[in-house]
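In the text below, chain A, chain B and the rest are named by the order of the sequence lines, each starting its count at 1. For the numbers below, each heavy atom of this structure counts, side chains included, while hydrogens, waters and symmetry mates do not.
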Amino acid sequence: MYITTTIPYVNARPHLGHALEFVQGDVLARHYRGRGEPVRFQTGTDDNSLKNVLAAEAEGVPVRELVDRNAAAFEGLRESYDLSFDAFIRTSRHPGHRPGVERIWRAIDGDLYQRHYEGLYCVGCEQFYGEGPCPEHEAPLQHISERNWFFRLSRYQDALLDLIRGGRLRIEPAARRNEVLAFIEAGLADISVSRAADRAPGWGIPVPGDPSQVVYVWWDALANYVTALDGGDYDRWWVAEPRKIHLMGKGVIRFHAVYWPAMLLAAGLPLPAEIFVHDYLTAGGRKISKSAGTPADAEAIARAYGADAVRWWLLREVPRVGDADFTVERLVARADEDLANGVGNLVNRVVTMVHRFQDGAVPIVAVDGDAARGLVDACESAPGRVHEALEDFDFRRAAAAVWTIVEEANKYVERVQPWRQEPGDREASLATLVHACRALAGQLAPFLPTGAARVAAAVSGERLPRPEPLFPRLAG
RNA sequence: GGGGCGGUAGCUCAGCCGGUCAGAGCAUCGGACUCAUAAUCCGUGGGUCGUGGGUUCAAGUCCCACCCGCCCUACCA
């Protein structure tokens with residue numbers, strides 16, 4: 001399974017919205033690895049965007065410097081969010097990227113032609129609009145008149161429709177799929193795939209054979225999914241691998257579900273198999289905007305509340321469809337409720353009882369009496385339910401499935417009340433509970449890598465370590 | 001302008017092809033328990049399921065119109 005996130009442009013530091021996509025990809029990667037499936041999880045940065053040039057100018061620093069600094073911040077999320085990506089590609093640094101882009105450009109040569117173009121352009125979006133101001137950046141548009149290279153996107157309309165309708169290219173959620181189909185059915189016009197080089201001196205990838213132009217940044221950035229694969233990796237992950245999954249935000253579906261497949265079709269390359277589109281995060285009811293500063297700095301939030309808490313919020317609280325509003329209050333409430341009072345407290349009470357009644361020795365007898373039915377069922381069915389939910393890219397449902405183990409375990413404790421049981425029965429109850437905690441640790445692993453490891457450590461071995469709080473409360 | 005998605009208890013939301021679908025969690029209130037991170041467990045609260053029509057024996061659940069929020073897309077006067 002080849003899982004990719006989009007590669008954000010690096011005109012600013014990463015915000016929580018980026019973290020959402022990375023964490024979703026990470027959960028998928030860890031989940032499938034856990035099932036023994038070969039996985040390549042890849043992310044990176046789009047260094048070649050004109051927006052990076054503008055940001056550098058605004059800040060008065062060299063583009064290289066700004067790009068390197070911000071790209072490092074993105075890569076740093078690996079630590080602060082416990083991400084397990086196998087590759088981090090930077091379009092301006094990866095040796096294979098530029099040659100790869102040039103190769104693809106030449107491969108689609110037959111579908112390229114030059115044309116004079118005039119229109120209103122938003123540098124922020126790197127896109128033309130009918131009139132201003134730009135809806136995304138609320139900035140005035142520039143009148144651009146230049147000669148560009150165009151791609152015969154119009155030729156691929158039917159092929160794209162077949163691809164998506166036939167399910168060879170799966171787009172989730174279905175609403176997004178319909179959106180894409182509607183867009184294509186409305187008719188595809190050829191698109192400009194190059195920009196005048198002098199607008200970004202020295203930045204971007206020159207068009208092969210035409211140094212006056214640089215490759216349109218989207219053409220450049222999309223190629224990363226393929227150019228990041230060096231040597232045998234290309235055959236392994238792009239040719240032989242059936243499950244190639246692109247994760248992205250709703251704002252860039254068109255590029256991934258229309259331009260990118262068409263580009264590959266033209267170049268005669270294999271196509272991606274699945275596209276999952278997430279919606280946006282808002283912060284305190286307001287749009288998170290890089291250009292307006294970083295009101296939701298990803299790293300700062302993780303540092304303040306911990307990767308486990310933030311990951312859990314992103315996975316447990318963000319719906320599959322619809323924007324979600326992030327507030328510190330919600331983060332803290334969810335973490336305390338589920339992690340501290342739920343998982344942490346459960347493990348703590350179980351381990352404490354093992355110490356109090358068994359002197360720390362893990363009982364080996366586990367009897368599945370009727371009282372344990374609900375708990376045993378939860379443990380046994382969790383893997384299947386998690387898998388099913390993740391196949392649907394429904395992270396919230398997957399997290400909820402894991403949660404049922406905690407819920408059932410607590411109910412079980414109340415039902416049997418180990419502290420009142422005869423030693424023999426109690427031993428069986430505690431064995432069942434320790435077993436449940438181990439199952440919980442296993443199921444939690446893709447969601448909370450370090451937290452799950454702490455749970456596992458707390459309930460592993462024949463003699464359990466002294467109990468200590470695994471997930472301290474965040475609120476007072 | 002075209003297309004799409006939402007509008008369900010105070011809050012966040014589940015409700016697939018119509019008939020125990022009027023629900024869950026949190027919050028509130030009451031109770032239980034003491035193994036545990038002032039935790040946990042049990043019970044409780046009555047919301048015209050955006051508005052108005054329609055189809056049907058039966059509609060949050062289908063159809064039409066409208067209102068509100070949002071998204072994608074396009075701008076012909």
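Here Tyr2(A) and His246(A) keep their ring centres 6.0 angstrom or further from each other.
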Which atoms of nucleotides 23-34 of chain B (N or O only) lie under 3.5 Å from a protein N or O atom, and what are those distances?
from: C33(B); atom 1: O3'; to: Arg420(A); atom 2: NH2; distance (Å): 3.4
from: U34(B); atom 1: OP1; to: Arg420(A); atom 2: NH2; distance (Å): 2.7

Every protein N/O within reach of nucleotides 8-15 of chain B N/O, cut-off under 3.5 Å:
from: C13(B); atom 1: O3'; to: Arg396(A); atom 2: NH2; distance (Å): 3.1
from: A14(B); atom 1: OP1; to: Arg396(A); atom 2: NH2; distance (Å): 3.4

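Residue-level contact check: Arg176(A) touches the backbone only, with heavy atoms under 4.0 Å from sugar-phosphate atoms and none from bases.
The side-chain hydrogen bond (donor to acceptor under 3.5 Å, both in side chains) analysis of residues 453-465 of chain A, with sequence neighbours excluded, yields the pairs Asp308(A)-Arg454(A).
Going from the C1' atom of G19(B) to that of C11(B) covers 31 Å, rounded to whole Å. Distance noted for atom P between U61(B) and G53(B): 14 Å (whole Å). Across the C1' atoms, G45(B) and C29(B) are found 8 Å apart, a figure rounded to whole Å. Atom name C1', nucleotides C5(B) and A77(B): the rounded distance is 30 Å, in whole Å. The gap from the P atom of A27(B) to that of C16(B) amounts to 27 Å, rounded to the nearest Å.
The residues Asp394(A) and Arg385(A) are annotated as not salt-bridged, no charged nitrogen and carboxylate oxygen being separated by less than 4.0 angstrom.
Residue Lys250(A) has no polar side-chain atom (N or O) positioned under 4.0 Å from OP1 or OP2 of C70(B).
Mapped onto RNA chain B by nearest heavy atom, Asn410(A) and Leu470(A) fall at different nucleotides, with Leu470(A) at the one closer to the 5' end. Two residues, Ala340(A) and Asn178(A), neighbour RNA chain B, and the one matched to the more 5' nucleotide by heavy-atom proximity is Asn178(A).
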